[in-house]
Amino acid sequence: MDTTIVSVQDIHKRFGENNVLQGATISFPKGKITAIIGQSGTGKSVLIKTIIGVLTPDRGQIFYEGEEITAASPERRRMIRRNFGYLFQDSALFDSMNVYDNIAFPLVETLRMKDKRKIRRIVEEKLEWIGLPGIERKLPAELSGGMRKRVGLARTLALQPSVLLFDEPTTGLDPVLSESINDLIVRVNQEFGITCILITHDIQATFRISDYIGFLYDGVIQEEGIPGDLVGAEHPVLKKFIDNSFSAPLEVEVQPCPDI
Amino acid sequence: MQESRETTGGPKTPLVLVPIENLGRRVVRNLEELGRFYVFLGHTLRGLFRSPVRWRLYAEQMERIGVHSVAIIALSSAAIGMIFALQMTMVMSMFQAEAMVGAAVGLTLARELAPVVTTLMLIAKNGSSMTAELGTMRVTEQIDAMETMSVDPIHYLVVPRLVASVIVFPILTGLANLVGILGAYLVAVEMLGVDPGGFVEQLYTLVNPVDVISGLIKAAVMGFMMSVICAYYGFYSAGGSKGVGESATRAVVTSSVGILIADYIMADLMLQFLY
Ligand SMILES: Nc1ncnc2c1ncn2[C@@H]1O[C@H](COP(=O)(O)OP(=O)(O)OP(=O)(O)O)[C@@H](O)[C@H]1O
Ligand SMILES: [Mg+2]
């Protein structure tokens with residue numbers, strides 16, 4: 001198989017009595033798109049939050065390029081995590097700042113760039129790239145959900161991550177917008193060679209765009225493999241997932257409307 | 001987390017011990033909360049001495065807390081000064097000591113009323129919005145987003161609010177002193193006919209700089225307390241917009257009660273060692 005860039009080993013995480021992750025293990029291939037699928041509330045978000053370090057696992061290890069993040073010093077951990085970008089489920093844009101300041105934020109605060117002209121150039125370039133030039137002065141509240149997602153993506157890309165994690169990037173968007181976000185993910189992956197890890201409920205899109213898929217259920221990765229392998233998987237819940245997503249298109253019977 | 005007793009697999013507690021167990025849980029939870037508060041406080045205080053110093057954010061917060069509160073502080077302290085002068089003139093006239101009104105009002109304003117009224121107004125106006133703002137940032141994952149970009153959210157969000165509060169509270173308290181005494185003068189001298197010379201003279205002889213300064217020190221301490229408490233409740237909000245609302249209420253109640261207790265302790269100490 002391809003080289004691994006990130007791997008999680010035997011991750012456990014509980015919240016009070018709620019045992020969310022109970023030994024999740026998966027390796028993410030470098031430069032590829034990997035999707036994690038599973039039912040609502042199984043802990044997909046928790047899993048990737050432990051990877052980027054918003055949550056600390058109770059037990060288990062996380063590796064980046066062979067180095068154990070979970071064993072590193074806090075200082076080193078922060079350094080390693082600079083390689084990670086994360087697109088939050090609801091974009092998490094700073095709502096008191098306009099689009100320009102949102103995208104400039106990591107440049108100014110994380111990279112401590114001082115050169116105003118350079119910052120402006122990068123922000124404009126990112127906005128161009130996501131297909132939304134000229135919205136610098138808008139506030140997040142003035143944007144649609146799809147636009148916010150894309151601005152969130154631009155903000156994450158400003159730090160040039162090696163690994164980009166997406167939490168349900170297309171949930172709540174109409175099919176056309178979902179498609180455009182999926183295209184952006186593929187472009188992020190192909191144009192910049194960024195490893196993408198995404199959580200999604202959109203099984204059809206998953207099978208189309210991802211190179212590798214992990215199925216999370218009951219706190220453990222039950223099945224994993226390339227899309228072709230997963231189609232024939234045994235797990236009943238996964239089977240249901242796949243069958244429901246690829247069933248024949250709905251036949252709509254048109255009945256003559258009776259006169260009232 | 002809300003754990004239900006039915007689903008836990010542990011041994012059943014005898015019925016008579018349930019209240020004790022619940023009490024124990026409450027104590028543990030409060031201790032945990034207190035511990036988290038002190039960790040937060042420590043992190044904030046260390047943040048005061050860490051670079052980068054974000055002057056722009058300091059200025060922004062000072063403008064929000066300070067400039068935008070001038071009118072309300074002036075209005076409320078004028079009212080306090082006027083009401084107080086009205087009552088004091090009645091009392092003092094019983095002893096034919098109306099000239100003392102200026103000193104009495106000035107002294108209480110400087111030592112107690114100006115810092116306390118200013119702080120309570122600022123808690124209502126800025127403390128609650130501070131909690132709501134940070135709480136919203138927490139529940140919409142903006143604080144997490146900052147962390148994923150390797151920016152320390154306490155340093156970026158809390159430290160500027162703390163610095164601004166500690167600077168602005170004494171300034172507004174000074175303003176409250178001035179406006180309050182003007183209001184008192186207006187009522188006592190212009191309306192109730194107290195001799196202006198006596199009013200001013202007694203004010204000058206009995207109110208010393210140390211009285212004013214002690215009030216300003218109190219205001220700085222209260223600004224510190226308000227910003228840390230309100231920021232804390234916002235920073236650890238949970239449970240969506242309802243949770244943010246609850247945090248704001250708790251922040252206002254806790255910081256109001258907290259500063260009144262602190263005021264009593266400071267007043268006691270200052271009476272013993274300062275005046
Ligand atoms: N910070 C937290 N504190 C307490 N419980 C949490 C926390 N984060 C997640 N949980 C709990 O962990 C479980 C898994 O949540 P998670 O958000 O990972 O689900 P998910 O698989 O991402 O679901 P969805 O597809 O709906 O987003 C839920 O029961 C949730 O209540
Ligand atoms: Mg989720």
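Letters go in sequence order (proteins before strands), and every chain restarts at 1. As the structure is a computational prediction, the values presented were derived from the model and not from experiment.
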Side-chain donor-acceptor pair under 3.5 Å between A/T170 and A/S178, yes or no? no
For the residue pair B/Y232 and B/Y236, does the interplanar ring angle fall in the parallel (under 30°), tilted (30 to 60°) or perpendicular (over 60°) class? tilted
dist A/T34:OG1 -> A/K32:NZ (nearest 0.5 Å) comes out at 9.0 Å
Can you check whether anything in residues 38-57 of chain A gets within less than 4.5 Å of chain B, heavy-atom wise, and list it by number? A/K49, A/I52, A/V54
What residues of residues 98-120 of chain A sit under 4.5 Å from chain B when you count only heavy atoms? A/F105, A/P106, A/E109, A/T110, A/R112
Which of B/F37, B/Y156, B/F40 passes ring-ring contact (aromatic ring centres under 6.0 Å, His included) with B/F235? Answer is B/F40
Just so I understand: if I count every heavy-atom pair under 4.5 Å between each of A/L159, A/L87, A/D95 and chain B, which residue has the most? A/D95
Is chain A contacted by the side chain of B/M149, its backbone, both, or neither, given a heavy-atom distance below 4.5 Å? both
Using a 6.0 Å cut-off, check whether atom CZ of B/R50 has over 12 heavy atoms from anything other than its own residue. yes
Just wondering, more than 12 heavy atoms not from A/K138 lying within 6.0 Å of its NZ? no
Checking B/H43 against B/D152: is there a side-chain donor and acceptor pair closer than 3.5 Å? yes
Do B/Y233 and B/T254 have side-chain N/O donor and acceptor atoms under 3.5 Å apart? yes
Pairing donors with acceptors under 3.5 angstrom, does anything connect the side chains of B/H155 and B/R46? no
Have B/Q142 and B/T140 got a donor and an acceptor in their side chains that come within less than 3.5 Å? yes
